[in-house]
Amino acid sequence: MINRLTTNQRAYLAGFLDGDGSIYVRLKPNTDYRFNYQIAPFVVFFQAKKEEDKFRKLIALIGGGVWRERKDGILEYTLNRQADIKDFLQQIKKYLILKQTQANLMLQILDRKKKMKDRQNFIELAELIEKFRTLNYSKKRIKHNLTP
């Protein structure tokens with residue numbers, strides 16, 4: 001569950017996300033899911049290990065989420081629950097500058113995912129997810145062909 005944030009906290013966290021964060025969604029092949037794909041949204045913050053104390057204070061403001069230390073010495077804090085992502089982005093989106101388009105697109109994807117009823121809805125949702133390709137940098141980008 002995401003904490004209620006003050007106006008200053010919202011603005012600060014939006015700036016941190018703009019600079020040292022990422023908003024993205026993955027379409028992962030998985031036969032356990034409807035239409036054989038899992039829709040996996042994320043909001044992630046990054047920070048160097050040497051700033052761990054400060055980073056812990058930052059993520060304590062938000063609540064929810066999980067954090068880990070990567071092998072390269074980078075700390076990563078991830079919101080991966082859809083309700084948490086939606087709540088957090090709704091609180092900070094008006095303060096975002098660089099990632100406002102991604103935040104709005106993510107909120108649209110989360111809303112559409114809830115309303116998905118058939119394969120056509122899924123294809124439309126997958127097309128929205130593909131829009132992240134033009135917004136975010138990725139070395140390992142995979143494009144999925146979803147047409148029958």
Side-chain angles (χ1 to χ4, degrees), residues 1-30 32-35 37-117 121-144 146:
M1 179 194 237
I2 299 302
N3 295 327
R4 292 290 108 212
L5 302 168
T6 67
T7 300
N8 285 345
Q9 290 169 336
R10 291 174 187 198
Y12 181 82
L13 290 167
F16 196 92
L17 181 60
D18 267 341
D20 287 322
S22 183
I23 301 170
Y24 67 98
V25 60
R26 292 179 51 203
L27 195 59
K28 298 169 29 175
N30 188 331
D32 291 339
Y33 285 80
R34 196 168 161 202
F35 309 117
Y37 284 91
Q38 176 185 2
I39 298 165
F42 302 95
V43 171
V44 186
F45 291 87
F46 305 96
Q47 190 61 243
K49 169 77 171 145
K50 67 181 182 174
E51 301 294 340
E52 183 174 347
D53 290 340
K54 294 174 187 172
F55 194 59
R56 284 182 180 266
K57 289 177 186 175
L58 175 92
I59 63 179
L61 292 175
I62 301 169
V66 295
W67 83 284
R68 70 181 181 110
E69 181 179 343
R70 299 184 337 198
K71 291 180 183 178
D72 62 0
I74 298 295
L75 302 175
E76 202 175 87
Y77 171 70
T78 305
L79 294 174
N80 56 6
R81 288 186 60 241
Q82 292 177 36
D84 289 349
I85 292 168
K86 186 174 183 176
D87 184 14
F88 179 71
L89 291 179
Q90 286 174 332
Q91 288 191 63
I92 69 157
K93 72 178 181 174
K94 79 177 190 177
Y95 302 100
L96 290 166
I97 296 171
L98 303 177
K99 293 185 171 82
Q100 194 169 74
T101 302
Q102 288 96 324
N104 288 329
L105 182 56
M106 178 66 81
L107 290 169
Q108 188 179 0
I109 287 167
L110 294 176
D111 285 341
R112 286 229 186 150
K113 185 176 183 287
K114 270 190 170 177
K115 299 173 185 172
M116 185 174 55
K117 300 215 184 301
N121 292 149
F122 174 75
I123 290 171
E124 291 167 2
L125 185 58
E127 288 169 353
L128 279 180
I129 291 168
E130 281 294 311
K131 285 187 179 183
F132 271 93
R133 290 172 43 86
T134 61
L135 300 174
N136 292 344
Y137 171 77
S138 172
K139 293 180 186 177
K140 299 178 183 178
R141 185 164 293 134
I142 299 171
K143 186 171 182 174
H144 299 282
L146 300 174

Hey, are the side chains of [X] and [Y] touching, using non-hydrogen atoms and a 4.5 Å cut-off?
{"X": "Phe122", "Y": "Ile39", "result": "yes"}
{"X": "Phe35", "Y": "Ile123", "result": "no"}
{"X": "Ile129", "Y": "Tyr37", "result": "no"}
{"X": "Phe45", "Y": "Asp20", "result": "no"}
{"X": "Gln9", "Y": "Leu58", "result": "no"}
{"X": "Tyr77", "Y": "Gln47", "result": "no"}
{"X": "Gln91", "Y": "Arg4", "result": "yes"}
{"X": "Trp67", "Y": "Arg56", "result": "yes"}

Side-chain atoms of residues 105-114: list all donor-acceptor pairs with protein atoms under 3.5 Å, sequence neighbours left out, distances to 0.1 Å.
| residue | atom | partner | partner atom | Å |
| --- | --- | --- | --- | --- |
| Asp111 | OD1 | Lys86 | NZ | 2.7 |

Is there a donor-acceptor contact under 3.5 Å from the side chain of [X] to the main chain of [Y]?
{"X": "Asn3", "Y": "Leu61", "answer": "yes"}
{"X": "Asp18", "Y": "Leu98", "answer": "yes"}
{"X": "Arg34", "Y": "Lys117", "answer": "yes"}

How long is the span from the [atom1] atom in [X] to the [atom2] atom in [Y], to the nearest 0.5 Å?
{"X": "Thr78", "Y": "Ile59", "atom1": "OG1", "atom2": "CD1", "answer": "10.0 Å"}
{"X": "Ile85", "Y": "Ile23", "atom1": "CD1", "atom2": "CD1", "answer": "9.5 Å"}
{"X": "Phe46", "Y": "Ile74", "atom1": "CZ", "atom2": "CD1", "answer": "9.0 Å"}
{"X": "Lys115", "Y": "Asn121", "atom1": "NZ", "atom2": "CG", "answer": "10.5 Å"}
{"X": "Asn104", "Y": "Gln102", "atom1": "CG", "atom2": "CD", "answer": "9.5 Å"}

TODO: Using a cut-off of 6.0 Å, state whether more than 12 heavy atoms not belonging to Tyr12 lie near its atom OH.
DONE: no
Open item on the list: With a 4.0 Å cut-off on N to O distance, would you call Lys131 and Glu127 a salt bridge?
Closed with: no
Task: Pair Asp72 + Lys49, salt bridge at N-O below 4.0 Å - done: no
